[in-house]
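One is the number of the first residue; the rest follow in order along the sequence.
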Amino acid sequence: MQRKSFGTMECAIARSLERVGEWWSILILRDAFYGVTRFDDFQQSLGVAPTMLTKRLGVLVEASLLERRRYQERPPRYEYLLTERGRDFRPVLLALLEWGNRHYAPDGASVEIRDVRSGHLVETAFVDPTTGTTVPLADIRVSPGPAASERVQRRLERHPARFIEGEQP
């Protein structure tokens with residue numbers, strides 16, 4: 001069965017999943033944030049088959065999340081470096097880490113998110129860029145953006161808070 005492409009859907013979440021929705025892709029990006037850059041090191045860290053790793057690295061390069069750069073001529077060898085777009089994925093990974101620690105770490109967190117200056121645990125948050133203040137999730141709503149179709153506008157007008165609050169119909 002052919003997988004449906006999300007790449008041209010109006011939803012930014014769907015379009016994002018087209019690039020990073022396969023679990024190996026997210027783990028490759030995680031390792032890239034930890035400083036892994038070379039094929040053999042990704043393979044050793046992840047235990048993934050070489051063919052799958054080649055495919056996933058290619059998708060991440062094509063999506064401009066990683067840049068493939070030659071570091072050796074003979075034989076030709078490449079490293080994979082995070083691009084600006086790839087570095088912008090950091091908050092998504094940290095939010096996923098925080099969520100996983102909260103819900104799927106029965107023995108406690110194996111990795112924590114801390115402030116380098118204070119050493120205190122930190123949480124992901126939404127910040128008002130104008131005031132710099134943290135906005136509680138209860139005060140957040142999604143709204144139609146400038147490119148929203150009439151369909152999206154209607155859906156968000158009918159159900160303005162459900163996305164964030166997780167209410168059931």
Side-chain angles (χ1 to χ4, degrees), residues 1-129 132 134-135 137 140 142 145 147 163-164 166:
M1 177 156 126
Q2 178 108 11
R3 185 181 70 80
K4 176 180 175 139
S5 173
F6 298 149
T8 59
M9 293 179 78
E10 185 174 5
C11 174
I13 295 170
R15 288 191 311 267
S16 299
L17 285 172
E18 181 72 19
R19 280 65 177 197
V20 298
E22 200 277 334
W23 62 74
W24 287 120
S25 295
I26 293 175
L27 294 175
I28 290 167
L29 289 169
R30 176 207 61 193
D31 280 4
F33 278 107
Y34 288 155
V36 176
T37 61
R38 297 185 177 176
F39 187 94
D40 292 342
D41 295 332
F42 281 115
Q43 188 177 16
Q44 182 180 2
S45 172
L46 298 169
V48 61
T51 52
M52 177 58 73
L53 181 56
T54 298
K55 181 178 179 182
R56 298 322 309 164
L57 286 169
V59 167
L60 292 169
V61 167
E62 185 178 320
S64 298
L65 292 156
L66 294 176
E67 172 190 350
R68 183 175 184 236
R69 186 182 307 164
R70 187 178 285 200
Y71 70 87
Q72 179 179 308
E73 291 296 323
R74 291 185 182 200
R77 301 246 186 235
Y78 298 88
E79 59 185 353
Y80 297 87
L81 305 170
L82 287 162
T83 62
E84 181 179 355
R85 183 179 290 180
R87 289 187 298 275
D88 283 348
F89 193 70
R90 181 186 335 239
V92 177
L93 280 174
L94 293 174
L96 192 57
L97 171 62
E98 181 183 6
W99 180 74
N101 279 346
R102 185 174 299 125
H103 297 286
Y104 299 107
D107 299 326
S110 60
V111 176
E112 297 176 323
I113 307 167
R114 294 187 177 272
D115 181 323
V116 268
R117 293 170 296 220
S118 70
H120 297 147
L121 288 172
V122 295
E123 297 178 346
T124 54
F126 288 92
V127 176
D128 180 324
T134 301
V135 180
L137 279 176
I140 293 187
V142 293
F163 183 84
I164 297 297

Taking every non-hydrogen atom, the tightest pair across [X] and [Y]:
{"X": "Thr83", "Y": "Glu67", "answer": "CG2-N, 3.7 Å"}
{"X": "Glu112", "Y": "Arg114", "answer": "OE1-NH2, 2.7 Å"}
{"X": "Asp128", "Y": "Val135", "answer": "N-CG2, 3.9 Å"}
{"X": "Leu66", "Y": "Ala32", "answer": "CD2-CB, 4.2 Å"}
{"X": "Val20", "Y": "Phe89", "answer": "CG2-CE1, 3.7 Å"}
{"X": "Glu79", "Y": "Tyr71", "answer": "N-CD2, 3.5 Å"}

**Report entry** Glu84 atom CD, neighbour heavy-atom count above 12 within 6.0 Å
**Finding:**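 Atom CD in Glu84 is not packed in, count stays at 12 or less.
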Query raised in the report: Charged N to carboxylate O below 4.0 Å: is that the case for Arg38 and Asp40?
Result: no
Please report the interatomic distance [atom1]([X]) to [atom2]([Y]), rounded to the nearest 0.5 Å.
{"X": "Arg69", "Y": "Thr37", "atom1": "CZ", "atom2": "OG1", "value": "9.5 Å"}
{"X": "Trp24", "Y": "Leu46", "atom1": "CH2", "atom2": "CG", "value": "5.5 Å"}
{"X": "Leu96", "Y": "Tyr104", "atom1": "CG", "atom2": "OH", "value": "10.5 Å"}
{"X": "Trp23", "Y": "Arg30", "atom1": "CH2", "atom2": "CZ", "value": "14.5 Å"}

Report task. Please test Val61 against Tyr78 for side chain to side chain contact (heavy atoms under 4.5 Å, CB included), starting from the C-alpha separation and ending with a verdict. Result -> CA-CA 12 Å; Val61 167; Tyr78 298 88; over 6 Å; no
Does the [X] side chain pair with the main chain of [Y], one donor and one acceptor, at a distance under 3.5 Å?
{"X": "Arg85", "Y": "Ala63", "result": "yes"}
{"X": "Glu98", "Y": "Thr124", "result": "yes"}
{"X": "Thr54", "Y": "Pro50", "result": "yes"}

Query raised in the report: Going by heavy atoms in the side chains, are Phe42 and Ile28 under 4.5 Å from each other?
Result: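 Yes, at least one pair of side-chain atoms sits under 4.5 Å.
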Query raised in the report: Side-chain contact, heavy-atom cut-off 4.5 Å: Ile113 with Leu121?
Result: no
**Report entry** Test side-chain contact (heavy atoms from CB on, under 4.5 Å) applied to Leu65 and Asp88, Leu60, Leu82, the passing residue
**Finding:** Leu60
Requested in this report: Could you go through the side chain to side chain contact (heavy atoms under 4.5 Å, CB included) check for Gln44 and Asp31 one step at a time?
Outcome: CA-CA 11 Å; Gln44 182 180 2; Asp31 280 4; over 6 Å; no
